[in-house]
Amino acid sequence: MGYELLETINEPADLRKLDRKRLPQLTRELRDFIVESVSQTGGHLSSNLGTVELTVALHYVFDTPADRIVWDVGHQTYAHKILTGRRERMSTLRQYGGVAGFPRREESPYDTFGTAHSSTSISAGLGMAVAAKLAGEGRRVVAVIGDGAMTAGMAFEALNNAGAMDANLLVVLNDNDMSISENVGALNNYLARLLSGRLYTSARKASEKVLGVVPPMWELAKRAEEHMKGMVTGGTLFEEFGFNYIGPIDGHDIDTLVSTLSNIRKLSGPQFLHVVTRKGKGMEVAEDDPILYHGVSKFDPAVGIVAKSGGKPTYTQIFGDWLCDMAAQDARLIGITPAMREGSGLVRFSQEYPERYFDVGIAEQHAVTFAAGLACEGLKPVVAIYSTFLQRGYDQLIHDVCIQNLPVVFALDRGGLVGADGPTHHGAFDLSYLRCLPNMIVMAPSDENECRQMLYTAFTLDTPTAVRYPRGSGPGVTPAPGMTALPVGKGEIKRRGQRVAILAFGSMVKPALDAAEVLDATVVNMRFVKPLDEALVAEIAAGHELIVTVEENALDGGAGSAVLEALAGARIERHVLQLGLPDRFVEHGDHALLLKQCGLDSAGIVQSVQSRLHR
């Protein structure tokens, strides 16, 4: 496949040398390159195909990196990376030591703000715009945010603040949840050029000067203008925030994008451009099913994604099946997700129990307090949320759930290392930030069946509870069809050995058992991080020379720390070796490779224990 034009672009400065008439060819080559590249590495596809023209236009019009482009979430930045000197390294995308799947400041000066969670772009962009103003610098700042990310409160907090400032900030709303018919699109493209042009701006200022002498007349004219723009474009809301609203325009019309952005670049103050795009643009199967093609593994572009049959069920699937089974037994169950229906395993539940299913949008804080309100009225909310996303609702978790001791179940997906998505998505801190909270019960299953039983156990309790499970499949234990409540705060001995006892939590039970065969060690599946089985810890400590704790969580304040506290409280002195994630942000890469590098595979456990014994 030829990339005649794309191969001449090694940085945006090269792009800006192109004749504007050649940009459509570049966008075609860029889109083809993304499909070919992602088919070989896996990654986010439909979101990146949808922003090709917008990315080209932004770098064509703005003087990057002197001008700043801040991307929201960042899962749509492959075109940005390709145009900013990383084209030849895209074969390493999301691999250890390779190009990250999201913007990273240390990777490129064009990645102005590191991200991977949503709704941060306007706040960060405003900070950069204010910094430029304070320094007397004329650089421009663009924040690109999707319509999904606009559902989060943080985005509106930033809009509210930005509209009250005279900073040169352009917010581009990448709206991919609606389409534009040809006629409406043409009309809005025309209006966008008009509303962003100097003629309109000059006329507006002249009217303000003339009519400003008679305040009622100016106010009448201003309101007429706002209502006209609002009726045609729906922009009144953003005008109320203090932005000059422009759009919506066709986000796949490169000529309109360049014209409109060129006009906006000349304007001062907060500007808001509404751009409509289509996820998966240019790849028919991705356009038809953008959710399926959102995050993909390697695939044949000529065939598309072929559904895999068989194989071990993932923990996410185990949760989804349990949720439906539990809902059939108890009408009080409510399922909640902050915009992660597919990722959290709620598709079947949303179809079978639509009246009890709530997708609250990208609003983790709201999701937690919404669940608290439901619990106050006697319902049993289950919040399906990723470990790193719950961090965003931590204040609500403390104040609205734990202080009131409300029975909310948190199904905590992606606990531990998640692989290619990297440090922004690793669930590295949940055991630490959860176990310090009064009233909270924290469980970590060692296999699929235990996950199902723990979820049921959590549902039966009248207190806040979290069941924390990893991404992907477990060791392959078929879940029992029924549900049995586990005794709270009780672990189980999985293997008896000599000298060394390994206290393993959740996903680390399997590698601990493998390591124990070499070490002839005792292995305990602790099950509960809180309340910890302190009696079992004391019993094990009495009969072993070395206690080893293993967890797929940060060592500081984690499950191993809980064991140390229990031993200290019981005045038991034993040598303790803590194994877990290091005090640094672990890079992106293959999950097995990352575990090995952190010393958390079976060989790493053996090596660490033997080194300690031979001191």
Side-chain angles (χ1 to χ4, degrees), residues 117-120 123 148-158 160 319 323 326-327 330-341 343-344 346 349-350 353 355-415 427-444 454-455 457-469 488 528-531 553 557:
H117 287 187
S118 83
S119 315
T120 61
S123 296
M150 283 296 295
T151 63
M154 183 176 179
F156 282 90
E157 292 173 14
N160 184 57
F319 163 72
L323 191 67
M326 194 71 243
D330 196 323
R332 298 175 301 162
L333 185 149
I334 304 293
I336 302 169
T337 177
M340 293 299 297
R341 182 184 68 167
S344 294
L346 287 169
F349 179 81
S350 69
Y353 299 95
E355 73 285 355
R356 288 195 267 162
Y357 164 74
F358 295 92
D359 181 345
V360 301
I362 304 178
E364 294 86 359
Q365 294 172 300
H366 166 58
V368 175
T369 304
F370 173 56
L374 290 166
C376 284
E377 298 303 317
L379 297 174
K380 298 285 285 188
V382 177
V383 180
I385 190 168
Y386 288 8
S387 170
T388 55
F389 296 164
L390 183 57
Q391 292 166 186
R392 300 187 129 207
Y394 195 59
D395 179 70
Q396 288 69 29
L397 179 62
I398 296 172
H399 283 254
D400 301 334
V401 175
C402 289
I403 286 179
Q404 302 184 93
N405 197 24
L406 294 172
V408 178
V409 176
F410 293 92
L412 215 57
D413 205 333
R414 270 62 167 181
F429 312 108
D430 47 34
L431 299 186
S432 301
Y433 74 65
L434 287 173
R435 80 172 191 88
C436 65
L437 301 181
N439 295 326
M440 176 64 74
I441 291 177
V442 185
M443 296 177 250
M454 284 183 175
L455 288 164
T457 303
F459 192 80
T460 64
L461 299 174
D462 195 29
T463 191
T465 313
V467 179
R468 184 255 205 184
Y469 45 89
V488 176
F528 288 81
V529 177
K530 184 179 184 179
N553 183 80

| query | Which pair of non-hydrogen atoms, one from Cys402 and one from Pro438, has the smallest distance, and what is that distance? | reply | CB-O, 3.6 Å
| Ser432 side chain to Asn553 side chain, donor-acceptor N/O pair below 3.5 angstrom | yes
| Considering only heavy atoms from C-beta outward, does the side chain of Phe389 approach that of Arg414 to under 4.5 Å? | no
| To the nearest 0.5 Å, what is the distance between CG (Asn160) and CD (Glu157)? | 8.5 Å
| message | Can you give me the closest heavy-atom contact between Ala367 and Pro338, atom names plus distance? | response | CB-CB, 4.4 Å
| said: Once rounded to the nearest 0.5 Å, what's the spacing between atom CZ of Phe358 and atom NE2 of His366? | reply: 9.5 Å
| field | Stepwise side-chain contact (heavy atoms from CB on, under 4.5 Å) check, Phe410 with Leu397 | value | CA-CA 10 Å; Phe410 293 92; Leu397 179 62; 3.5 Å; yes
| query | Looking at residues at least two apart in the chain, or sitting in another chain, which of them share a salt bridge (charged side-chain N to carboxylate O under 4.0 Å, His left out) with Asp395? | reply | none
| field | Any Leu333 side-chain heavy atom under 4.5 Å of Arg356 side chain | value | yes
| Taking Phe319 as the fixed residue, which of Asp413, Leu412, Val467, Leu346 is the one that meets the side-chain contact (heavy atoms from CB on, under 4.5 Å) rule? | Leu346
| said: Taking the six-membered ring for Trp, are Phe429 and Tyr433 closer than 6.0 Å centroid to centroid? | reply: no
| query | Heavy atoms, side chains only, cut-off 4.5 Å: are Ile336 and Leu374 in contact? | reply | yes
| task | Run the salt-bridge test on Asp359 and Arg341 with the 4.0 Å N-O cut-off and return the result as yes or no. | result | no
| Least distance between heavy atoms, Val382 atom then Ala411 atom | CG1-CB, 4.4 Å
| task | Output the distance between atom CG (Leu455) and atom CE (Met326), rounded to the nearest 0.5 Å. | result | 10.5 Å
| said: Do Phe459 and Asp330 have side chains that approach each other closer than 4.5 Å (heavy atoms only, starting at C-beta)? | reply: yes
| remark: Closest non-hydrogen contact found for Ser119 with Ile362 is OG-CG2, 4.4 Å
| task | Report yes if some heavy atom in the side chain of Leu390 is under 4.5 Å from a heavy atom in the side chain of Arg392; otherwise report no. | result | no
| Does the side chain of Tyr394 reach to within under 4.5 Å of the side chain of Leu437, using non-hydrogen atoms? | yes
| request: For Val368 and Gly393, work out which heavy atoms get closest and say how close. | output: CG2-O, 4.2 Å
| field | Closest approach of Gly557 to Arg435 (non-hydrogen atoms, all atoms of both residues) | value | O-NE, 2.8 Å
| task | Show the numbers, then the answer: is there a side-chain contact (heavy atoms from CB on, under 4.5 Å) between Ser123 and Met154? | result | CA-CA 8 Å; Ser123 296; Met154 183 176 179; 3.7 Å; yes
| said: Are Ile334 and Tyr357 packed together at the side-chain level, in the sense that at least one heavy-atom pair is separated by less than 4.5 angstrom? | reply: no
| Min side-chain heavy-atom separation Glu355-Tyr353 under 4.5 Å | yes
| Distance-only donor-acceptor check, side chains Asn439 and Thr463, under 3.5 Å | no
| task | Give a yes-or-no answer on whether the side chains of Thr369 and Asp400 include a donor-acceptor pair shorter than 3.5 Å. | result | yes
| field | Residue pair His117, Thr388: steps toward the side-chain contact (heavy atoms from CB on, under 4.5 Å) verdict | value | CA-CA 9 Å; His117 287 187; Thr388 55; 3.4 Å; yes
| message | Just verifying a value: how many Å separate Ser350 OG and Leu323 CG, rounded to the nearest 0.5 Å? | response | 10.0 Å
| field | Met443 and Val529: CA distance, side-chain angles, deciding distance, side-chain contact (heavy atoms from CB on, under 4.5 Å) verdict | value | CA-CA 6 Å; Met443 296 177 250; Val529 177; over 6 Å; no
